[in-house]
Amino acid sequence: MDNMILLDIETGDFDVDSGIYELAVLVIKDGRIIQSEHIAEVYDERIRHLGMGEGYKNISENQVMQERFQHIINTYQFPIVAHNVSFDRKFLVHYGWLEENYECYDSVRAIKYANPNLFSYSLEYLLNYYDIDLPLTHIAIDDVYALFEVIKKVDPKKWIPLYKVPPKKFNKFVEATANVEGESLVFQGRRLVFTGASPFPRILMKEIAAKCGAIVTGNVSSKTDLLICGEKPGSKLEKARELDIEIQTDEWFIDAVSKDLNLETATLTRQSVAATKETRYEKITYTKIPELRGKFVNIALLPFRIQKKVEDILINHMEVAGINRGTNGYKVDFIIHSDDREYVLLGKAKEMQIIAIPLSKFNRMILS
DNA sequence: CTCAGGACTACGCATAAGGA
DNA sequence: TCCTTATGCGTAGTCCTGAG
């Protein structure tokens with residue numbers, strides 16, 4: 001997409017009622033900036049550096065500011081692009097700055113499609129990942145320039161407008177397997193059918209039924225012996241009634257089998273499998289980092305949701321000797337830490353000549 | 001800390017293909 | 001010909017992740 005209006009706003013809070021304090025736009029034509037505007041009004045120069053709209057007036061209802069913005073929109077009529085555009089759009093539509101049906105694109109989404117294997121897509125993380133030497137000041141005009149640099153670097157080919165369904169090739173299949181210990185004869189040789197939703201995953205119910213000697217099928221027929229019915233059943237229940245087949249609830253089912261089987265030990269594993277066949281979605285191959293082989297790595301300082309992913313990569317792809325998640329006492333050769341904080345521990349690590357790299361750099365190394 | 005909207009999950013159901 | 005199994009689409013509900 002060569003023509004767009006890049007946009008960033010600073011607001012009082014997440015809530016629309018908190019108001020708009022700054023708005024910055026870059027008009028991009030043929031991939032170049034042809035106009036930049038910082039639509040804002042300073043009231044206290046001394047606290048302006050704090051960002052997040054500090055030191056600026058609330059301009060939500062300011063007619064002049066609104067017209068300045070709308071003049072740009074009307075002049076170029078390029079689609080609007082912002083990082084998490086639905087957030088900015090919500091404010092602009094709410095205060096009547098923007099038509100509800102104006103074409104909007106989310107840069108988070110476009111960048112994600114271009115590079116699906118990053119640990120985060122926040123603007124700060126992207127600046128670090130792409131090694132762009134611009135500070136994220138949370139002053140609208142600075143941030144919008146930063147976003148421009150990121151977009152230039154990524155050069156996303158696929159831009160999907162808000163509310164449009166993405167292409168299927170990003171779908172992943174999920175393979176689920178259940179494991180239940182023990183054997184039982186409760187349903188020996190009987191044909192079972194499940195219908196409706198239940199708090200117990202279907203895959204687990206099927207596995208349990210099989211352990212009890214049942215033959216589980218998908219449709220009710222005259223050969224069916226028993227229908228296990230959860231909430232909101234469909235036409236299977238109707239059919240079972242017609243054919244006068246025994247109908248029981250899922251609680252009844254769990255009750256019946258738990259006499260013989262120890263369900264406490266049942267396990268359910270889900271594995272995400274990249275779509276294959278006709279799609280071009282390739283299995284990720286990570287670049288090995290030789291320095292990590294056989295080393296002990298500390299990942300204590302990572303955001304919680306990312307810990308597991310990193311752990312998996314370290315064990316299965318980097319052949320590390322061990323991982324520790326705590327910060328106390330264990331042998332450590334290497335530290336992978338979060339980008340967004342300063343740690344006292346890192347100073348100490350430097351003293352002890354332990355290599356410490358931010359997550360974004362690790363991310364870059366394994367994908368290069 | 002909020003909220004929008006996309007991603008993901010877990011079903012039903014229609015239909016086609018496969019088996020006895 | 002009847003029954004089972006596989007597949008793909010529709011959908012409702014839940015979870016996740018950015019923005020300030």
Side-chain angles (χ1 to χ4, degrees), chain A residues 7-24 50-54 56 58 60 81-94 100 104-113 116 118-126 136-140 143-144 146-147 160-168 170-176 191-206 215-224 228-239 243 250 268 270-273 275 277-278 303-306 309 340:
Chain A
L7 177 148
D8 186 44
I9 64 171
E10 302 298 319
T11 68
D13 202 346
F14 288 121
D15 199 342
V16 272
D17 296 326
S18 66
I20 302 166
Y21 287 75
E22 285 176 78
L23 188 150
L50 293 172
M52 303 272 196
E54 294 281 351
Y56 289 94
N58 186 339
S60 317
V81 173
H83 215 54
N84 194 5
V85 75
S86 61
F87 178 84
D88 303 69
R89 181 182 168 278
K90 183 176 63 178
F91 279 77
L92 295 173
V93 169
H94 182 263
E100 194 153 9
C104 292
Y105 293 83
D106 184 10
S107 53
V108 176
R109 210 174 164 194
I111 293 166
K112 211 171 201 168
Y113 289 139
L118 304 193
F119 293 123
S120 169
Y121 293 88
S122 70
L123 193 50
E124 187 184 22
Y125 188 85
L126 291 169
L136 195 72
T137 62
H138 290 293
I139 294 167
D143 288 8
V144 81
L147 178 59
I160 301 135
L162 227 53
Y163 312 117
K164 289 291 186 301
V165 177
K168 272 224 135 162
F170 297 100
N171 280 0
K172 284 184 178 175
F173 300 120
V174 175
E175 253 171 26
R191 266 172 200 282
L192 255 73
V193 175
F194 291 97
T195 187
S198 124
F200 316 103
R202 178 69 58 90
I203 176 95
L204 188 60
M205 305 265 278
K206 282 185 177 176
I215 302 153
V216 182
T217 61
N219 292 308
V220 174
S221 70
S222 59
K223 291 192 175 172
T224 308
I228 307 296
C229 185
E231 272 176 54
K232 284 192 270 181
S235 59
K236 287 184 212 170
L237 180 61
E238 295 293 315
K239 199 166 176 190
L243 296 169
D250 46 0
L268 188 69
R270 271 177 227 291
Q271 205 172 7
S272 190
V273 185
K277 292 185 223 166
E278 75 286 347
F304 182 72
R305 69 187 166 85
I306 292 165
K309 283 189 206 168
D340 53 6

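So you know, we letter chains A, B, ... as the sequences are listed, proteins then strands, and number each from 1. Note that this is a predicted model, so its numbers are computed, not measured.
Taking A:Leu50 as the reference, A:Ile47, A:Glu54 meet the side-chain contact (heavy atoms from CB on, under 4.5 Å) condition, with sequence neighbours excluded. Checked against side-chain contact (heavy atoms from CB on, under 4.5 Å), A:Ala24 has the following partners two or more places apart in sequence or in another chain: A:His38, A:Ala140, A:Ile141, A:Val144. With sequence neighbours left out, the ring pair (Phe, Tyr, Trp, His ring centres under 6.0 Å) criterion links A:Phe119 to no other residue.
Nucleotide B:dC3 holds its C1' atom 11 Å from the CG atom of A:Asp13, rounded to whole Å. Rounded to whole Å, atom P of B:dA4 lies 17 Å from atom CZ of A:Arg109. Rounded to whole Å, the distance from CG on A:Leu7 to C1' on C:dG20 is 14 Å. Across the protein-nucleic acid pair, A:Glu54 atom CD and C:dG20 atom P stand 14 Å apart, rounded to whole Å. Spacing between atom CG of A:Leu50 and atom P of C:dG20 amounts to 15 Å, rounded to whole angstrom units.
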Would you give me the side-chain donor-acceptor pairs under 3.5 Å for residues 10-17 of chain A, sequence neighbours excluded?
| unit_1 | atom_1 | unit_2 | atom_2 | d |
| --- | --- | --- | --- | --- |
| A:Thr11 | OG1 | A:Asp13 | O | 2.7 |
| A:Asp15 | OD1 | A:Asp17 | N | 3.4 |

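Taking CD of A:Glu124 as the start and NE2 of A:His138 as the end, the distance is 6.5 Å to the nearest 0.5 Å.
One N or O on the side chain of A:Asp106 and one on the backbone of A:Asn84 form a donor-acceptor pair closer than 3.5 Å. At least one donor-acceptor pair closer than 3.5 Å links the side chain of A:Arg89 to the backbone N or O of A:Glu100.
Comparing the helix axis at one end of the helix from B:dC1-C:dG20 to B:dA20-C:dT1 with that at the other, each defined from 5 consecutive pairs, gives an inter-axis angle of 30° (nearest 10°).
The side chain of A:Tyr56 places no N or O atom within less than 4.0 Å of a non-bridging phosphate oxygen (OP1 or OP2) of C:dG20.
For an aromatic pair to be called close, the ring centres must be under 6.0 Å apart, and A:Phe91 with A:Phe87 satisfies this.
Contacts of A:Asp15 with the nucleic acid, taken as non-hydrogen atoms under 4.0 Å apart, are absent.
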Every protein N/O within reach of nucleotides 16-19 of chain C N/O, cut-off under 3.5 Å:
| unit_1 | atom_1 | unit_2 | atom_2 | d |
| --- | --- | --- | --- | --- |
| C:dG18 | OP1 | A:Tyr121 | N | 3.2 |
| C:dG18 | OP2 | A:Arg305 | NH2 | 3.4 |
| C:dG18 | N3 | A:Asn84 | ND2 | 3.0 |
| C:dA19 | OP1 | A:Leu123 | N | 3.0 |
| C:dA19 | O4' | A:Asn84 | ND2 | 3.2 |

